[in-house]
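Everything below concerns the one structure shown next.
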2 protein chains.
Amino acid sequence: MKTTRKKVTIRDVAQQAGVSYGTVSRYLNGNNHVSKDASRRIAAAIRELEYTPNRAAQSLAQQRTLTVALIIQVESNETIVQASVSEAMTGANQTLGDAGYQMVTLIANSDESTERIAKLVRSDFADGYLLFSLSNDNLLANTFLNISRPVVRSEAGDRGDLPYPAVDFTNRDGQRDITRYLLDKDRADLVYVCGPGYSPSAVNRLEGFKQAMGERFNERQVYYADDWEITSGEMAAVEFQPMLNHINGFVCANDNIAVGVINQLTRFGYRVPDDIAVTGFDDSSMAILANPKLTTVRQDSILHGQTMAELLLKMMRGEQVEDHYIKLLPTSIVERQSA
Amino acid sequence: MKTTRKKVTIRDVAQQAGVSYGTVSRYLNGNNHVSKDASRRIAAAIRELEYTPNRAAQSLAQQRTLTVALIIQVESNETIVQASVSEAMTGANQTLGDAGYQMVTLIANSDESTERIAKLVRSDFADGYLLFSLSNDNLLANTFLNISRPVVRSEAGDRGDLPYPAVDFTNRDGQRDITRYLLDKDRADLVYVCGPGYSPSAVNRLEGFKQAMGERFNERQVYYADDWEITSGEMAAVEFQPMLNHINGFVCANDNIAVGVINQLTRFGYRVPDDIAVTGFDDSSMAILANPKLTTVRQDSILHGQTMAELLLKMMRGEQVEDHYIKLLPTSIVERQSA
DNA sequence: CTGTTAGCGCGTTCAT
DNA sequence: ATGAACGCGCTAACAG
């Protein structure tokens, strides 16, 4: 057993196998034909020497890196606790890995880190990019406009100037369906707690609520939150307090908000769902933690990641994808206790 | 404004500035002297051409990558929802970035991905490694034994054969202190819900409980959970059901478990903390979400990441760190409602 | 089928 | 202070 921890290169392998290193390279890249015999000897040499190709050299020669960067943009110094993102990462990592790509995730949470990442991108750091914009501004998005590598976004964006394809959920339909679910249960007097305005998802979900309500929709029955947090739900409930006696359902744009609403309603002395039903969206871990457990709209975040990765792989293979292409993933209603 | 999106190299810059590319290289790496005048012209050329050095070429020539890999090992297909990890990532990303390094996150959640990452490591993919082992086996750890790059671990490990320094929290002291906090409040009849046996943190925390209990400690007052999840807390409460009438406190190894205990105790008809007090550990987001809000042990995960990064930077600078060196970060008690 | 060689983009001597 | 040339480790195109 060799413990020589000195750069073992393709040349060492060649020498050990008694061939030229060009042959070794061919063997490794499997393109052309290498004699049965040579192959065997090369394989043995590689194993013995514990040879691993040098990544940097490979990229330099091949003009590709075999890595894909998953970039997460969050508000300054915010952390990425969001379970959905974590799950999407897992899904993407999975399929990219199967295709031989290594996924690396980059976090842009400050001006400096954003600039640093932009620089990386410009230096052809990866062969493709998965873009998770959790924040308002898209500083990075502009950087990508100038490069020729494929990019896939995680949200059907609002910015028409970004041609990148996206994978998203059927937010509108999901919200519409769960609203109908309430209506079908004779909960006719509903109010809606909308997500932050900068989020395309929030806009689409509100659209779904409107659709389900049809004629009955009224601007005064919607509360516009500033973020996706629990506190916003509490504030919404307070805002609607004067009307609480006839309201019999809160449709909320996500689980956190729903939890906030429930908390506040409980404090006011209302019972959920007996007096007032409450629905969430996301089916996050919060959904089963809440009391009562949340009836909500489920979206498969792992699938989200996988689908984004598949689309990116397709693009990296050179297949053309039309600008602004959007793939929508289905959602489904999960019936628990809150509605 | 040039829209030429063709590989602009150091040579282009040199030509535009009217110098040889050797000079540009020197200018970039700031080592030697470059004439005031040349510098100015080079700077202008770089800006105009939007030149960014090619990463692969740089690493190849310099034998370093200016990137640090943060590797997370989780059970197969598990997601990394853990807020503490997410926060540590943020902290590490911060300080590494300030030092000019780019942090990339790698997820090992299957045999294939683990092997792929091991390969990356062997190919000198990064200049240093931050290792988060959330799972039992340390397949990867062995890979590192054969390379000469610095490694820092996130947990004071149980494996004596791994010489890498680690940054961890004072788990033992934290658990001891919060146990004493209960004892001081005349909660003398305590039980302990221990974390999974493969986790060094779990072992240390149990140790702290024992220490605080002293003579009074009894093996029958501890429940050994298989994981860190809510369900385990519920199971523990069920297990202790026969003794619930005289027990007046549950000390739990983390917040999730504490939430589970509270849920189950509530179902059994006990009031928390009036009948039975419950404490958590981590001060995760769950702590304030729980009802009643959790009294728990706080640990600063962002600081955790920062400290790990600082230690790694030190090692990458060439400073020697003794084998098995362990840096312990303080914890503190957060008093809320559950105890 | 295989050896040879010219780059890939940049850092680094070595002269000048 | 600056230009020229070599090498980092590997791929690919070209002979043979």
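Each chain gets a letter, A, B and so on, in the order the sequences are listed, and its residues count up from 1. These numbers were taken from a predicted model, which means no experiment stands behind them. Computed over heavy atoms, backbone and side chain alike; hydrogens, waters and symmetry mates excluded.
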Between B:T9 and C:dG9, is there a side-chain N or O to OP1/OP2 distance below 4.0 Å? no

Whole Å only: how far is the CG atom of A:L60 from the P atom of D:dC10? 12 Å

Reckon B:V24 touches a base, only the sugar-phosphate, or nothing at all at heavy-atom distances under 4.0 Å? nothing

To the nearest 0.5 Å, tell me how far A:F125 CZ sits from A:I117 CD1. 9.0 Å

Separation of C:dG9 P from B:Y51 OH (nearest whole Å): 10 Å

Counting only side-chain N and O atoms of B:Y21, is one of them less than 4.0 Å from OP1 or OP2 of C:dT12? no

Whether A:Y27 contacts D:dC10 is assessed here as follows: a side-chain N or O lying under 4.0 Å from the phosphate OP1 or OP2. Is that the case? no

Using atom CD of A:Q58 as one end and atom P of D:dA12 as the other, report the distance to the nearest whole Å. 10 Å

To the nearest angstrom, the CD-P distance between A:Q15 and D:dG9 comes to 15 Å

Please determine whether a side-chain nitrogen or oxygen atom of B:N54 lies at a distance below 4.0 Å from atom OP1 or OP2 of C:dC10. no

Pair B:R122 + B:E115: basic N to acidic O under 4.0 Å: yes

On the nucleotide D:dG9, are OP1 or OP2 found under 4.0 Å from the side-chain N or O atoms that B:Q63 carries? yes

Tell me, do B:D124 and B:T65 make a side-chain contact under 4.5 Å, heavy atoms counted? no

For D:dT2, does OP1 or OP2 lie under 4.0 Å from any side-chain N or O of B:S35? yes

Taken to the nearest 0.5 Å, the spacing of B:M308 CE from B:S154 OG works out to 5.0 Å

Atom CG of A:D12 and atom C1' of D:dC10: how far apart are they, to the nearest Å? 13 Å

Between the side-chain atoms of A:R26 and the base atoms of C:dG3, is any donor-acceptor pair under 3.5 Å? yes

Using whole Å, report how far CD of A:Q62 lies from C1' of D:dA13. 14 Å

To the nearest angstrom, the CZ-P distance between B:F125 and D:dC10 comes to 17 Å

Taking atom P of C:dC8 as reference, at what distance in whole Å does atom CZ of B:R11 sit? 7 Å

So for atom CD, which belongs to A:Q15, do other residues, nucleotides or ligands contribute more than 12 heavy atoms lying within a distance under 6.0 Å? no

Taking only side-chain N and O atoms of A:S25, does any of them lie within less than 4.0 angstrom of OP1 or OP2 on D:dT11? yes

DNA chain D nearest-nucleotide lookup for B:A57 and B:A38: closer to the 5′ end is B:A38

Side-chain N or O of B:S20 versus OP1/OP2 of D:dG3: is the shortest distance under 4.0 Å? yes

